[in-house]
Structures are given as structure tokens and as C-alpha cells.
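Single-structure report; data block below.
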Amino acid sequence: MIDFHVHCFPDALSAKALALLSQASGIAPLTDGTVQGLRESMLRAGIACSVNMPIATKPDQTQSVNNWAASIQVDDILSFGTLHPKLETWEDEAKRIRSLGLKGVKFHPDYQDFFVDDEAVMPIYERLAELELIILFHAGIDIGLPPPCHCPPDRLARVVKRLEGARIVAAHMGGFLRWNEVEEHLVGLDLFFDTAYGLGYLEPEQFVRILRGHGVERCLFGTDSPWADQAVEVAKIEQLKLAPRDREAVLEGNARRLLQL
Ligand SMILES: [Zn+2]
């Protein structure tokens, strides 16, 4: 199985980062936030590969976060890179992300303080798509942050329609706690959803309706570890009683195809 959405932190920063994030969201972490802690969790859950999603919350962190992300890509761990849209040298950094062998770029419009459909950011997305990097957005509400929500489904739909042919993933089943709008604006468009933080918040009925409506082949298993337990999240997918083929696609096959593994 492949977990398309996890977070880990450098050993020296992990305890502090988890404490801050946990305090903001009210959610207790399920690993110690290190790469080693993630590996132990993967072993317990039977997950063969996890994809780390780092975020630079300030422009000048971008390079060092990407260097670290590349350094942890060993065997069973892959990573995206990060770009802060206000980094002046974003174009050089995008090329560097590509040459470091990172699989894509994660954006978090709330933490990075921009609206997903801001015209100023479009050239960045376009360049990333040209470089054949996958673009993943935190989508919907972030429970650790106050409003406004910078990546609601209707704004994200505008971006997807503009970036024809780009490989885009919306985390949290298209938009955390905005799922009625996901059904209205995003279901059926040319993008992937990851399942992170969907099950447990979404009613299983609506989860399956979005999954089927959008297309099982465009949904990727993700957990948001350490903010959820990988083994528990696998069990939740198994409880949905999907056809074995569909379950395999969500838990592994779709990610394998998207990541070209
Ligand atoms: Zn996340």
C-alpha cells in the first residue's frame, strides 16, 4: 500500500514542530514526527511506501526544506518539495526541485497566505506542470487556522480548469469540511483527491458517493500521519467494503500510476 500524504520533520525540530501544530489543531500526533517514527508506523500498518508533504511557511525556508525533503527519499519514503509563492527565485527553485528528484510540489494556501486561484500564482503552477511535477494542494478548512479558507472547492475548480493536462491532487477528498461544495464544483474534474482526513469526518455514505462520482481511479489513499494513525486509516478503507479491484486502486494502484513507480 502507498500512503500519499504524510508529514515528517527533521529529528532536531520534530518535537517542537509537533507541539506547536498539535496545540493549534487540538489533535495529538500518532508518531514522534521523525522519519524513523514514520517507518515504524508503516511497518505496523503494512504500508510499503509513504509520500512526505513538506511546507515552507516563509519564502526563505524553501531551499532548506527541499534539501531535507530530497535527503529523506530513501527506499520506502518519497517526498514532494515545497515552493513559497513569494520566493523571488521560484523558477530556479522549481527546476532544482525537479533535479533533486522530488515528485511534485505541495502548496498550503492557508499557511502560505495566498488564495489558490490568485492570478499571481498561475505562472508558478504552469511552470511546474511543464516540468512534469505533480501539484498537491491542502484543500478545504485547516482546523489549526482561522478563516478565511484559501483553497475552497470553487476556487480550486477554476485552477483545475485553467491548467489543462497538469497533474493536480486536492488533499482531504477535495476540501476538508467543505464536501458539499466538493460535490458541486470538483467531482468529475481532471484531478485526484487524497483520502486524508476524509474518513472519520465525512459520513461513509458521502465518502463513497464522492469516490464513485469522481471516479475510483482518481482517488489516492492518504492519512496525514502523524495526525492520524496509518493502521487505523487502512482499516477504515477496508470497512467500506469496496470491490477488491477498487480497494487496490485506492490503496496502491492509482498512486503507483501517478508517481510512475
Ligand atoms: Zn497534511
Side-chain angles (χ1 to χ4, degrees), residues 1-10 13-14 17-35 37-38 41-42 45 47 49-57 61 65-66 68-69 72 77-84 102-114 116 134-145 149-153 156 168-179 182 191-202 207 219-234 236-237 250 255 258-259:
M1 293 181 280
I2 299 175
D3 184 342
F4 205 86
H5 185 152
V6 306
H7 301 282
C8 40
F9 303 89
L13 301 179
S14 179
L18 290 196
L20 282 172
L21 292 164
S22 172
Q23 193 185 28
S25 66
I27 296 166
L30 280 303
T31 76
D32 68 0
T34 64
V35 174
L38 172 64
S41 164
M42 288 164 67
I47 287 172
C49 173
S50 290
V51 190
N52 176 52
M53 295 292 166
I55 315 158
T57 54
Q61 294 171 343
V65 173
N66 287 330
W68 183 76
I72 65 163
I77 300 198
L78 298 176
S79 188
F80 274 36
T82 180
L83 267 185
H84 196 292
L102 297 164
K103 305 297 166 190
V105 173
K106 168 166 185 176
F107 290 99
H108 197 310
D110 299 311
Y111 273 106
Q112 296 178 318
D113 195 27
F114 67 99
V116 68
I134 303 163
I135 302 170
L136 181 138
F137 294 106
H138 168 87
I141 289 167
D142 188 303
I143 36 181
L145 294 171
C149 167
H150 291 81
C151 185
L156 181 55
I168 300 171
V169 182
H172 313 302
M173 288 308 273
F176 187 66
L177 299 179
R178 304 287 289 258
W179 290 299
V182 168
L191 81 164
F192 288 81
F193 294 159
D194 84 33
T195 64
Y197 260 75
L199 287 166
Y201 287 87
L202 256 167
F207 182 92
C219 293
L220 308 161
F221 174 65
T223 64
D224 220 349
S225 170
W227 308 113
D229 182 75
Q230 289 181 311
V232 169
E233 296 303 303
V234 170
K236 283 183 193 163
I237 295 283
V250 172
L258 182 60
L259 294 163

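As the structure lists them, so they are numbered: ligands from 1, and atoms in each ligand from 1. As the structure is a prediction and not an experimental result, all values here were calculated from the model.
Restricting Asp224 to its N, O or S atoms, the one at the least distance from the Zn ion (ligand 1) is OD1.
The Zn ion (ligand 1) has an N, O or S atom of His7 closer than 2.8 Å. For the Zn ion (ligand 1), the N/O/S atoms of His5 include one lying under 2.8 Å.
Checked by atom type, the side-chain pair Ser50/Asp3 shows no donor-acceptor distance below 3.5 Å.
Counting heavy atoms from C-beta on, the side chains of Ile2 and Leu78 never come closer than 4.5 Å.
Atom CG of Asp32 is separated from atom OG of Ser41 by 10.5 Å, given to the nearest 0.5 angstrom.
Note: His138 and His108 have parallel aromatic rings, judged against thresholds of 30 and 60 degrees for the angle between ring planes.
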